[in-house]
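See below for the structure under consideration.
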Amino acid sequence: MLTLYNTLTRQKEVFKPIVPGEIHMYVCGPTVYNYIHIGNGRSAIAFDTIRRYFEYRGYKVDYVSNFTDVDDKIIKAAHESGEAPLALAQRFIDAFMADTAAIGIEPATVNPRASQMIPEIIDFVQVLIDKGYAYAAAGDVYFRARKAKHYGALANKHIDELEQGASQHVTAAETARKEDPIDFALWKAAKPGEISWDSPWGAGRPGWHIECSVMSTHYLGDTIDIHGGGADLEFPHHENEIAQSEAKTGKHFVNYWLHNGFVTVGDNDEKMSKSLGNFVTVHDLLKTVDPMVLRFFMASVQYRKPIRYAQSGLDDAARSLERLQTAYTNAGFRLQSAAPGTDAAITTQLAALKDRFIAAMDDDINVANGLTVVYDLSKLINDYIAGDTVHADSLQAMMTTLHDWVQIFGVPLQGAGLLAADIEDLIAKRNAARAAKDFATSDAIRDQLAAQGITLEDTPQGTRWKRAD
(Lines give C-alpha, C1' and ligand atoms only; values in the text may rest on other atoms or scores of the structure.)
Protein backbone atom coordinates (compact mmCIF):
# COMPACT_ATOMS: atom_id res chain seq x y z
CA MET A 1 0.00 0.00 0.00
CA LEU A 2 1.76 3.14 -1.23
CA THR A 3 1.71 6.03 1.24
CA LEU A 4 2.92 9.62 0.83
CA TYR A 5 3.50 12.32 3.41
CA ASN A 6 1.07 15.13 2.59
CA THR A 7 2.41 18.50 3.73
CA LEU A 8 -1.12 19.89 3.89
CA THR A 9 -2.33 17.34 6.44
CA ARG A 10 1.06 16.73 8.11
CA GLN A 11 0.65 12.95 7.91
CA LYS A 12 1.23 9.97 5.67
CA GLU A 13 -1.76 9.08 3.52
CA VAL A 14 -2.57 6.12 1.30
CA PHE A 15 -2.05 7.23 -2.27
CA LYS A 16 -5.19 7.06 -4.43
CA PRO A 17 -4.83 8.58 -7.90
CA ILE A 18 -7.74 10.44 -9.47
CA VAL A 19 -7.59 8.17 -12.52
CA PRO A 20 -6.60 4.56 -11.74
CA GLY A 21 -3.19 3.76 -13.18
CA GLU A 22 -2.38 7.40 -13.97
CA ILE A 23 -0.66 10.18 -12.03
CA HIS A 24 -0.91 13.89 -12.82
CA MET A 25 2.14 15.48 -11.22
CA TYR A 26 3.36 19.09 -11.23
CA VAL A 27 6.77 20.12 -9.89
CA CYS A 28 7.91 23.73 -9.64
CA GLY A 29 10.89 24.34 -11.90
CA PRO A 30 13.66 26.95 -11.73
CA THR A 31 13.71 30.68 -12.31
CA VAL A 32 16.23 30.72 -15.13
CA TYR A 33 18.58 33.62 -14.44
CA ASN A 34 21.67 31.51 -13.62
CA TYR A 35 22.91 27.93 -13.55
CA ILE A 36 21.09 25.77 -11.01
CA HIS A 37 22.90 25.06 -7.75
CA ILE A 38 22.79 21.61 -6.23
CA GLY A 39 19.93 22.65 -3.95
CA ASN A 40 17.83 23.13 -7.08
CA GLY A 41 19.33 19.93 -8.46
CA ARG A 42 18.27 18.07 -5.33
CA SER A 43 14.61 18.94 -6.00
CA ALA A 44 14.87 17.80 -9.62
CA ILE A 45 16.53 14.54 -8.56
CA ALA A 46 14.11 13.88 -5.69
CA PHE A 47 11.01 14.19 -7.84
CA ASP A 48 12.58 12.36 -10.76
CA THR A 49 13.29 9.46 -8.39
CA ILE A 50 9.70 9.55 -7.15
CA ARG A 51 8.45 9.61 -10.73
CA ARG A 52 10.68 6.68 -11.68
CA TYR A 53 9.35 4.64 -8.77
CA PHE A 54 5.77 5.37 -9.80
CA GLU A 55 6.63 4.18 -13.29
CA TYR A 56 8.28 1.05 -11.87
CA ARG A 57 5.03 0.37 -10.04
CA GLY A 58 3.17 0.55 -13.35
CA TYR A 59 1.72 4.07 -13.30
CA LYS A 60 1.58 6.31 -16.36
CA VAL A 61 2.98 9.62 -15.10
CA ASP A 62 2.04 12.93 -16.69
CA TYR A 63 4.89 15.07 -15.35
CA VAL A 64 4.81 18.84 -15.82
CA SER A 65 7.59 21.13 -14.63
CA ASN A 66 7.74 24.81 -15.53
CA PHE A 67 10.34 27.44 -16.27
CA THR A 68 9.86 30.90 -14.78
CA ASP A 69 11.38 32.95 -17.58
CA VAL A 70 9.93 36.35 -16.58
CA ASP A 71 11.04 37.63 -13.20
CA ASP A 72 12.78 40.53 -11.42
CA LYS A 73 15.99 38.47 -11.13
CA ILE A 74 15.97 37.68 -14.84
CA ILE A 75 15.40 41.33 -15.74
CA LYS A 76 18.27 42.40 -13.45
CA ALA A 77 20.65 39.72 -14.80
CA ALA A 78 19.75 40.60 -18.39
CA HIS A 79 20.42 44.27 -17.75
CA GLU A 80 23.83 43.45 -16.28
CA SER A 81 24.79 41.14 -19.17
CA GLY A 82 23.35 43.33 -21.93
CA GLU A 83 21.06 40.54 -23.15
CA ALA A 84 17.35 40.56 -23.83
CA PRO A 85 15.57 38.94 -20.83
CA LEU A 86 14.07 36.09 -22.85
CA ALA A 87 17.40 35.42 -24.56
CA LEU A 88 19.13 35.16 -21.18
CA ALA A 89 16.36 32.89 -19.91
CA GLN A 90 16.74 30.65 -22.99
CA ARG A 91 20.48 30.38 -22.40
CA PHE A 92 19.94 29.11 -18.88
CA ILE A 93 17.05 26.86 -19.94
CA ASP A 94 19.46 25.20 -22.36
CA ALA A 95 22.02 24.87 -19.57
CA PHE A 96 19.39 23.40 -17.23
CA MET A 97 18.37 20.80 -19.79
CA ALA A 98 22.00 19.80 -20.41
CA ASP A 99 22.94 19.65 -16.73
CA THR A 100 19.86 17.69 -15.66
CA ALA A 101 20.25 15.26 -18.56
CA ALA A 102 23.81 14.61 -17.37
CA ILE A 103 22.53 13.61 -13.92
CA GLY A 104 19.89 11.32 -15.35
CA ILE A 105 16.72 13.42 -15.08
CA GLU A 106 14.00 12.09 -17.37
CA PRO A 107 12.50 14.81 -19.61
CA ALA A 108 9.20 16.19 -18.36
CA THR A 109 6.06 15.50 -20.32
CA VAL A 110 6.03 19.25 -20.91
CA ASN A 111 8.08 22.23 -19.66
CA PRO A 112 5.77 25.25 -19.98
CA ARG A 113 7.15 28.78 -19.76
CA ALA A 114 5.51 31.84 -18.28
CA SER A 115 6.27 33.96 -21.36
CA GLN A 116 4.43 31.51 -23.60
CA MET A 117 1.22 31.49 -21.57
CA ILE A 118 0.46 35.21 -21.17
CA PRO A 119 -3.06 35.00 -22.72
CA GLU A 120 -3.98 32.13 -20.37
CA ILE A 121 -2.58 34.04 -17.39
CA ILE A 122 -4.56 37.17 -18.27
CA ASP A 123 -7.76 35.13 -18.65
CA PHE A 124 -7.15 33.45 -15.29
CA VAL A 125 -6.62 36.79 -13.55
CA GLN A 126 -9.72 38.28 -15.15
CA VAL A 127 -11.86 35.44 -13.78
CA LEU A 128 -10.53 36.17 -10.28
CA ILE A 129 -11.41 39.85 -10.68
CA ASP A 130 -14.88 38.98 -11.97
CA LYS A 131 -15.47 36.71 -8.96
CA GLY A 132 -14.38 39.39 -6.50
CA TYR A 133 -11.17 37.62 -5.43
CA ALA A 134 -8.84 40.14 -7.07
CA TYR A 135 -8.66 43.88 -7.73
CA ALA A 136 -6.66 46.23 -9.95
CA ALA A 137 -4.62 49.07 -8.46
CA ALA A 138 -2.47 51.44 -10.53
CA GLY A 139 -1.73 48.80 -13.16
CA ASP A 140 -1.10 46.01 -10.65
CA VAL A 141 -3.61 43.28 -9.80
CA TYR A 142 -3.74 41.78 -6.29
CA PHE A 143 -5.45 38.75 -4.78
CA ARG A 144 -7.56 39.22 -1.65
CA ALA A 145 -5.91 36.62 0.53
CA ARG A 146 -8.42 36.90 3.40
CA LYS A 147 -11.21 35.98 1.02
CA ALA A 148 -9.62 32.57 0.33
CA LYS A 149 -10.85 29.66 2.41
CA HIS A 150 -8.26 28.09 4.72
CA TYR A 151 -5.47 30.51 3.72
CA GLY A 152 -2.38 29.52 5.69
CA ALA A 153 -3.32 25.83 6.04
CA LEU A 154 -0.36 24.58 3.99
CA ALA A 155 2.05 26.69 6.07
CA ASN A 156 0.19 25.45 9.17
CA LYS A 157 -0.31 29.02 10.40
CA HIS A 158 -3.20 31.39 10.97
CA ILE A 159 -3.42 34.16 8.37
CA ASP A 160 -2.51 36.85 10.94
CA GLU A 161 0.79 35.06 11.62
CA LEU A 162 1.68 35.38 7.93
CA GLU A 163 0.99 39.08 7.56
CA GLN A 164 4.32 40.41 8.81
CA GLY A 165 6.38 38.12 6.61
CA ALA A 166 4.38 38.90 3.49
CA SER A 167 5.31 42.58 3.43
CA GLN A 168 9.02 41.77 3.38
CA HIS A 169 8.77 40.59 -0.24
CA VAL A 170 7.42 43.87 -1.67
CA THR A 171 8.25 47.57 -1.77
CA ALA A 172 6.59 50.16 0.43
CA ALA A 173 4.90 51.65 -2.65
CA GLU A 174 3.34 48.30 -3.53
CA THR A 175 2.18 47.77 0.04
CA ALA A 176 0.48 51.18 -0.09
CA ARG A 177 -1.50 50.10 -3.17
CA LYS A 178 -2.87 47.00 -1.45
CA GLU A 179 -6.15 46.77 0.40
CA ASP A 180 -4.46 44.46 2.91
CA PRO A 181 -0.71 43.81 3.46
CA ILE A 182 -1.27 40.05 3.09
CA ASP A 183 -2.64 40.42 -0.46
CA PHE A 184 -0.27 39.23 -3.19
CA ALA A 185 0.40 40.26 -6.79
CA LEU A 186 -1.18 38.46 -9.74
CA TRP A 187 -0.05 41.01 -12.33
CA LYS A 188 2.67 43.67 -12.06
CA ALA A 189 2.64 46.97 -13.93
CA ALA A 190 5.68 47.43 -16.13
CA LYS A 191 8.45 49.78 -15.07
CA PRO A 192 10.19 51.86 -17.77
CA GLY A 193 12.38 49.69 -20.00
CA GLU A 194 11.08 46.36 -18.62
CA ILE A 195 9.77 43.50 -20.73
CA SER A 196 5.96 43.63 -20.73
CA TRP A 197 2.74 42.52 -22.38
CA ASP A 198 -0.51 44.39 -22.94
CA SER A 199 -3.37 43.55 -20.60
CA PRO A 200 -6.74 45.00 -19.54
CA TRP A 201 -4.89 46.66 -16.63
CA GLY A 202 -2.09 48.14 -18.71
CA ALA A 203 1.33 46.92 -19.84
CA GLY A 204 2.90 44.53 -17.37
CA ARG A 205 3.90 40.96 -16.60
CA PRO A 206 2.62 38.12 -14.45
CA GLY A 207 3.37 37.73 -10.77
CA TRP A 208 5.34 34.66 -9.77
CA HIS A 209 2.57 32.66 -8.09
CA ILE A 210 -0.03 32.90 -10.85
CA GLU A 211 2.24 31.18 -13.37
CA CYS A 212 2.17 27.78 -11.70
CA SER A 213 -1.60 27.84 -11.10
CA VAL A 214 -2.21 28.56 -14.77
CA MET A 215 0.30 26.00 -16.04
CA SER A 216 -0.74 23.16 -13.75
CA THR A 217 -4.48 23.53 -14.34
CA HIS A 218 -3.97 24.09 -18.08
CA TYR A 219 -2.00 20.88 -18.59
CA LEU A 220 -3.23 18.63 -15.79
CA GLY A 221 -6.76 19.78 -14.93
CA ASP A 222 -8.41 21.70 -12.10
CA THR A 223 -7.55 19.01 -9.54
CA ILE A 224 -4.21 17.21 -9.75
CA ASP A 225 -2.76 14.24 -7.90
CA ILE A 226 0.62 15.57 -6.77
CA HIS A 227 2.29 18.96 -6.55
CA GLY A 228 5.93 19.05 -5.56
CA GLY A 229 8.73 21.47 -4.84
CA GLY A 230 11.28 22.54 -2.27
CA ALA A 231 10.27 23.09 1.34
CA ASP A 232 10.99 26.81 0.94
CA LEU A 233 8.06 27.05 -1.49
CA GLU A 234 5.38 26.08 1.05
CA PHE A 235 4.84 29.75 1.85
CA PRO A 236 4.14 31.97 0.11
CA HIS A 237 4.33 30.31 -3.30
CA HIS A 238 2.34 27.12 -2.82
CA GLU A 239 -0.02 28.72 -0.31
CA ASN A 240 -0.87 31.35 -2.90
CA GLU A 241 -1.27 28.76 -5.64
CA ILE A 242 -3.92 27.01 -3.57
CA ALA A 243 -5.77 30.24 -2.84
CA GLN A 244 -5.95 31.52 -6.40
CA SER A 245 -6.54 28.12 -8.04
CA GLU A 246 -9.41 27.12 -5.78
CA ALA A 247 -10.92 30.61 -5.99
CA LYS A 248 -10.92 30.39 -9.77
CA THR A 249 -12.12 26.79 -10.22
CA GLY A 250 -14.18 26.23 -7.07
CA LYS A 251 -12.50 22.83 -6.80
CA HIS A 252 -9.89 21.21 -4.57
CA PHE A 253 -6.54 22.01 -6.19
CA VAL A 254 -4.04 19.31 -5.12
CA ASN A 255 -4.59 15.96 -3.40
CA TYR A 256 -0.99 15.40 -2.21
CA TRP A 257 1.57 18.11 -1.50
CA LEU A 258 5.18 16.82 -1.44
CA HIS A 259 8.16 18.95 -0.40
CA ASN A 260 11.82 17.99 -0.53
CA GLY A 261 14.35 18.88 2.14
CA PHE A 262 17.22 21.33 1.72
CA VAL A 263 20.85 20.76 0.83
CA THR A 264 23.01 22.03 3.68
CA VAL A 265 26.70 22.81 4.02
CA GLY A 266 29.12 23.06 6.93
CA ASP A 267 29.01 21.85 10.49
CA ASN A 268 26.04 24.13 11.22
CA ASP A 269 24.03 22.61 8.34
CA GLU A 270 23.39 26.00 6.77
CA LYS A 271 20.88 25.91 3.92
CA MET A 272 22.56 26.19 0.53
CA SER A 273 21.20 29.11 -1.50
CA LYS A 274 22.26 31.73 -4.02
CA SER A 275 21.25 34.52 -1.63
CA LEU A 276 23.68 33.26 1.03
CA GLY A 277 26.48 32.82 -1.49
CA ASN A 278 27.34 29.34 -0.17
CA PHE A 279 26.29 27.40 -3.22
CA VAL A 280 27.96 25.36 -5.94
CA THR A 281 26.29 24.98 -9.32
CA VAL A 282 25.59 21.64 -10.92
CA HIS A 283 27.21 23.03 -14.08
CA ASP A 284 30.53 23.59 -12.31
CA LEU A 285 30.34 20.46 -10.18
CA LEU A 286 30.00 18.22 -13.22
CA LYS A 287 33.44 19.37 -14.38
CA THR A 288 35.05 17.45 -11.52
CA VAL A 289 32.46 14.95 -10.24
CA ASP A 290 31.10 11.90 -12.04
CA PRO A 291 27.46 12.80 -12.86
CA MET A 292 26.23 9.37 -11.82
CA VAL A 293 28.02 9.61 -8.47
CA LEU A 294 26.38 12.98 -7.84
CA ARG A 295 23.01 11.56 -8.84
CA PHE A 296 23.37 8.50 -6.62
CA PHE A 297 24.54 10.62 -3.69
CA MET A 298 21.51 12.91 -3.97
CA ALA A 299 19.01 10.12 -4.68
CA SER A 300 20.14 7.98 -1.75
CA VAL A 301 18.49 10.21 0.87
CA GLN A 302 14.73 10.16 1.43
CA TYR A 303 13.25 13.18 -0.32
CA ARG A 304 11.91 14.92 2.82
CA LYS A 305 15.21 14.76 4.69
CA PRO A 306 18.02 17.33 4.36
CA ILE A 307 21.25 16.38 2.62
CA ARG A 308 24.59 17.60 3.93
CA TYR A 309 26.79 18.27 0.91
CA ALA A 310 30.31 17.05 1.59
CA GLN A 311 33.10 15.27 -0.26
CA SER A 312 32.81 12.35 2.16
CA GLY A 313 29.21 11.82 1.04
CA LEU A 314 30.26 11.78 -2.60
CA ASP A 315 33.04 9.31 -1.79
CA ASP A 316 30.61 6.98 -0.01
CA ALA A 317 28.22 7.17 -2.96
CA ALA A 318 31.03 6.35 -5.39
CA ARG A 319 32.01 3.26 -3.39
CA SER A 320 28.40 2.06 -3.11
CA LEU A 321 27.79 2.55 -6.80
CA GLU A 322 31.00 0.71 -7.68
CA ARG A 323 29.86 -2.16 -5.47
CA LEU A 324 26.60 -2.48 -7.40
CA GLN A 325 28.29 -2.07 -10.77
CA THR A 326 30.84 -4.77 -9.95
CA ALA A 327 28.14 -7.25 -8.96
CA TYR A 328 26.27 -6.55 -12.18
CA THR A 329 29.35 -6.78 -14.39
CA ASN A 330 30.60 -10.01 -12.79
CA ALA A 331 27.14 -11.53 -13.12
CA GLY A 332 27.20 -10.69 -16.82
CA PHE A 333 30.46 -12.59 -17.29
CA ARG A 334 29.19 -15.54 -15.25
CA LEU A 335 25.99 -15.62 -17.33
CA GLN A 336 28.05 -16.60 -20.36
CA SER A 337 28.86 -19.99 -18.79
CA ALA A 338 25.58 -20.51 -16.93
CA ALA A 339 23.62 -23.72 -17.25
CA PRO A 340 20.11 -23.55 -18.69
CA GLY A 341 17.14 -23.42 -16.37
CA THR A 342 16.01 -22.01 -13.06
CA ASP A 343 17.11 -22.40 -9.46
CA ALA A 344 14.03 -22.73 -7.22
CA ALA A 345 15.84 -21.41 -4.15
CA ILE A 346 16.86 -18.24 -5.98
CA THR A 347 13.31 -17.74 -7.24
CA THR A 348 12.05 -17.83 -3.65
CA GLN A 349 14.75 -15.49 -2.32
CA LEU A 350 14.28 -13.02 -5.17
CA ALA A 351 10.53 -12.89 -4.60
CA ALA A 352 11.13 -12.10 -0.91
CA LEU A 353 13.57 -9.34 -1.82
CA LYS A 354 11.06 -7.80 -4.23
CA ASP A 355 8.41 -7.77 -1.51
CA ARG A 356 10.83 -6.05 0.87
CA PHE A 357 11.87 -3.47 -1.72
CA ILE A 358 8.31 -2.51 -2.59
CA ALA A 359 7.33 -2.34 1.08
CA ALA A 360 10.25 0.03 1.78
CA MET A 361 9.64 2.28 -1.20
CA ASP A 362 5.86 2.28 -0.74
CA ASP A 363 6.50 3.87 2.67
CA ASP A 364 6.74 7.47 1.43
CA ILE A 365 9.54 6.56 -1.01
CA ASN A 366 11.94 5.47 1.75
CA VAL A 367 15.01 5.15 -0.44
CA ALA A 368 17.36 4.39 2.46
CA ASN A 369 15.46 1.21 3.34
CA GLY A 370 14.99 0.47 -0.34
CA LEU A 371 18.74 0.64 -0.93
CA THR A 372 19.31 -1.81 1.91
CA VAL A 373 17.38 -4.35 -0.14
CA VAL A 374 19.31 -3.39 -3.29
CA TYR A 375 22.58 -4.14 -1.49
CA ASP A 376 21.16 -7.42 -0.21
CA LEU A 377 20.38 -8.38 -3.81
CA SER A 378 23.91 -7.55 -4.93
CA LYS A 379 25.24 -9.77 -2.14
CA LEU A 380 22.95 -12.60 -3.22
CA ILE A 381 24.26 -12.23 -6.78
CA ASN A 382 27.88 -12.28 -5.61
CA ASP A 383 27.30 -15.39 -3.49
CA TYR A 384 25.44 -17.15 -6.29
CA ILE A 385 28.01 -16.55 -9.03
CA ALA A 386 30.77 -17.83 -6.72
CA GLY A 387 29.18 -21.28 -6.79
CA ASP A 388 30.14 -24.14 -9.08
CA THR A 389 26.85 -24.07 -11.00
CA VAL A 390 24.52 -21.19 -11.80
CA HIS A 391 21.31 -21.28 -13.81
CA ALA A 392 20.89 -18.74 -16.59
CA ASP A 393 17.23 -17.87 -16.01
CA SER A 394 17.74 -17.24 -12.31
CA LEU A 395 20.88 -15.18 -12.82
CA GLN A 396 19.22 -13.14 -15.57
CA ALA A 397 16.21 -12.52 -13.31
CA MET A 398 18.46 -11.19 -10.55
CA MET A 399 20.38 -9.02 -12.99
CA THR A 400 17.20 -7.61 -14.47
CA THR A 401 15.86 -6.80 -11.00
CA LEU A 402 19.11 -5.12 -9.93
CA HIS A 403 19.16 -3.13 -13.17
CA ASP A 404 15.55 -2.00 -12.73
CA TRP A 405 16.00 -1.02 -9.08
CA VAL A 406 19.17 1.01 -9.65
CA GLN A 407 17.48 2.71 -12.60
CA ILE A 408 14.90 4.08 -10.14
CA PHE A 409 17.79 5.97 -8.55
CA GLY A 410 18.65 7.36 -11.98
CA VAL A 411 21.78 5.31 -12.61
CA PRO A 412 22.07 2.87 -15.55
CA LEU A 413 24.30 -0.09 -14.79
CA GLN A 414 26.78 -0.89 -17.53
CA GLY A 415 29.04 -3.79 -18.38
CA ALA A 416 29.14 -7.31 -19.66
CA GLY A 417 25.75 -7.83 -18.12
CA LEU A 418 23.83 -6.00 -20.82
CA LEU A 419 20.18 -7.03 -20.73
CA ALA A 420 18.60 -8.57 -23.79
CA ALA A 421 16.36 -5.52 -24.16
CA ASP A 422 19.43 -3.24 -24.11
CA ILE A 423 21.10 -5.33 -26.81
CA GLU A 424 18.03 -5.33 -29.02
CA ASP A 425 17.75 -1.56 -28.62
CA LEU A 426 21.36 -1.07 -29.71
CA ILE A 427 20.87 -3.41 -32.66
CA ALA A 428 17.82 -1.42 -33.75
CA LYS A 429 19.88 1.78 -33.61
CA ARG A 430 22.64 0.10 -35.59
CA ASN A 431 20.18 -1.07 -38.23
CA ALA A 432 18.80 2.46 -38.53
CA ALA A 433 22.32 3.82 -38.93
CA ARG A 434 23.13 1.26 -41.63
CA ALA A 435 19.93 2.12 -43.49
CA ALA A 436 20.97 5.78 -43.41
CA LYS A 437 24.47 4.78 -44.61
CA ASP A 438 25.89 6.13 -41.35
CA PHE A 439 28.54 3.45 -41.17
CA ALA A 440 30.61 5.24 -38.54
CA THR A 441 27.71 4.97 -36.06
CA SER A 442 26.96 1.41 -37.17
CA ASP A 443 30.56 0.34 -36.57
CA ALA A 444 30.70 2.16 -33.23
CA ILE A 445 27.65 0.26 -31.98
CA ARG A 446 29.11 -3.06 -33.14
CA ASP A 447 32.34 -2.23 -31.31
CA GLN A 448 30.39 -1.20 -28.21
CA LEU A 449 28.57 -4.54 -28.15
CA ALA A 450 31.78 -6.47 -28.83
CA ALA A 451 33.36 -4.78 -25.83
CA GLN A 452 30.47 -6.12 -23.74
CA GLY A 453 31.02 -9.67 -24.97
CA ILE A 454 28.24 -9.57 -27.59
CA THR A 455 28.90 -10.80 -31.14
CA LEU A 456 26.64 -9.93 -34.07
CA GLU A 457 25.84 -11.87 -37.22
CA ASP A 458 24.08 -10.11 -40.09
CA THR A 459 21.86 -12.54 -42.01
CA PRO A 460 19.19 -12.14 -44.72
CA GLN A 461 16.64 -12.69 -41.95
CA GLY A 462 18.05 -9.93 -39.79
CA THR A 463 20.81 -9.40 -37.24
CA ARG A 464 21.41 -12.17 -34.74
CA TRP A 465 23.43 -11.87 -31.56
CA LYS A 466 25.00 -14.10 -28.96
CA ARG A 467 27.20 -13.71 -25.95
CA ALA A 468 30.85 -14.56 -26.64
CA ASP A 469 32.14 -17.88 -25.34
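As the structure is a prediction and not an experimental result, all values here were calculated from the model. We count residues from 1, following the sequence as given.
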- Query: In Å, rounded to the nearest 0.5 Å, how long is the span from CZ of R323 to CG of L321?
  - Reply: 11.5 Å
- Message: Let me confirm one number: the CG-OH distance from N111 to Y219, rounded to the nearest 0.5 Å.
- Response: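 With rounding to 0.5 Å, CG (N111) is 9.5 Å from OH (Y219).
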I want to check something: taking the side chain as every heavy atom from C-beta on, are [X] and [Y] in contact at a cut-off of under 4.5 Å?
{"X": "K131", "Y": "V127", "answer": "yes"}
{"X": "I224", "Y": "D62", "answer": "no"}
{"X": "W405", "Y": "L371", "answer": "no"}
{"X": "I93", "Y": "R113", "answer": "yes"}

I'd like to know whether the aromatic ring centres of [X] and [Y] sit less than 6.0 Å apart in this structure.
{"X": "F262", "Y": "Y309", "result": "no"}
{"X": "F96", "Y": "F67", "result": "yes"}
{"X": "F92", "Y": "Y33", "result": "no"}

Which heavy atom of [X] sits nearest a heavy atom of [Y], and at what distance?
{"X": "A89", "Y": "D69", "answer": "CB-CB, 3.7 Å"}
{"X": "S320", "Y": "Y375", "answer": "CB-OH, 3.3 Å"}
{"X": "W187", "Y": "S199", "answer": "NE1-OG, 3.4 Å"}
{"X": "P291", "Y": "I103", "answer": "O-CG2, 3.9 Å"}

Would you call [X] and [Y] a salt bridge, taking side-chain N to carboxylate O under 4.0 Å as the test?
{"X": "R295", "Y": "D48", "answer": "yes"}
{"X": "D180", "Y": "K147", "answer": "no"}
{"X": "K76", "Y": "D71", "answer": "no"}
{"X": "R356", "Y": "D376", "answer": "yes"}
{"X": "D315", "Y": "R319", "answer": "no"}
{"X": "K251", "Y": "E246", "answer": "no"}

- Validate the cation-pi geometry between K157 and F235: distance from NZ or CZ to the six-membered ring centre under 6.0 Å, angle to the ring axis within 45°. no
- Message: Can you confirm if the NZ or CZ of R51 lies within 45° of the ring axis of Y63 and under 6.0 Å from the centre of its six-membered ring?
- Response: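 Yes; both conditions hold, so R51 lies above the ring face of Y63.
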Please tell me whether [X] and [Y] have a donor and an acceptor in their side chains that are separated by less than 3.5 angstrom.
{"X": "D362", "Y": "Y53", "value": "yes"}
{"X": "E83", "Y": "S81", "value": "yes"}
{"X": "S43", "Y": "N40", "value": "no"}

- Message: Go through it in stages, so that I can follow the logic: the residues are D72 and K188, the test is salt bridge (Lys or Arg N to Asp or Glu O under 4.0 Å), and I'd like the CA-CA distance, side-chain angles, deciding distance and then a yes or no.
- Response: CA-CA 11 Å; D72 289 336; K188 294 185 176 183; 3.8 Å; yes
Got a list of side-chain donor-acceptor pairs under 3.5 Å for residues 17-26, not counting sequence neighbours?
from: H24; atom 1: ND1; to: L220; atom 2: O; distance (Å): 3.4
from: Y26; atom 1: OH; to: N66; atom 2: OD1; distance (Å): 3.2

- Message: Are there over 12 heavy-atom neighbours, none belonging to H252, within less than 6.0 Å of that residue's NE2?
- Response: yes
- Task: Please identify each residue that fulfils salt bridge (Lys or Arg N to Asp or Glu O under 4.0 Å) with K191, with sequence neighbours left out.
- Result: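 With sequence neighbours excluded, K191 shows a salt bridge (Lys or Arg N to Asp or Glu O under 4.0 Å) to no residue whatsoever.
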- Note on the structure: salt bridge (Lys or Arg N to Asp or Glu O under 4.0 Å) filter on R304, not counting sequence neighbours, yields D364
For the side chain of [X] and the backbone of [Y], is there at least one donor-acceptor N/O pair under 3.5 Å apart?
{"X": "N366", "Y": "M361", "value": "no"}
{"X": "Y256", "Y": "L8", "value": "no"}
{"X": "E239", "Y": "Y151", "value": "no"}

What donor-acceptor contacts under 3.5 angstrom involve side-chain atoms of residues 210-217, with partners at least two apart or in another chain?
from: E211; atom 1: OE1; to: T68; atom 2: OG1; distance (Å): 3.0
from: S213; atom 1: OG; to: E241; atom 2: O; distance (Å): 3.3
from: S213; atom 1: OG; to: Q244; atom 2: NE2; distance (Å): 2.9
from: S213; atom 1: OG; to: S245; atom 2: OG; distance (Å): 2.7
from: S216; atom 1: OG; to: C212; atom 2: O; distance (Å): 2.8
from: S216; atom 1: OG; to: S213; atom 2: O; distance (Å): 3.3
from: T217; atom 1: OG1; to: S213; atom 2: O; distance (Å): 2.7
from: T217; atom 1: OG1; to: V214; atom 2: O; distance (Å): 3.3

- Query: Residues two or more places apart in sequence or in another chain: which of them pass side chain to side chain donor-acceptor pair (under 3.5 Å) with D140?
  - Reply: Y142, R177
- Which pairs with one or both residues in residues 6-18 pass side chain to side chain donor-acceptor pair (under 3.5 Å), sequence neighbours excluded?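 As it turns out, the side chain to side chain donor-acceptor pair (under 3.5 Å) pairs with a partner in residues 6-18, which skip direct neighbours, are N6-E13, T7-H259, T9-E13, K12-D363.
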- Message: Show, in sequence, the C-alpha distance, side-chain angles and deciding distance for D94 and R91, and conclude whether the salt bridge (Lys or Arg N to Asp or Glu O under 4.0 Å) test is met.
- Response: CA-CA 5 Å; D94 293 341; R91 178 159 64 89; over 6 Å; no
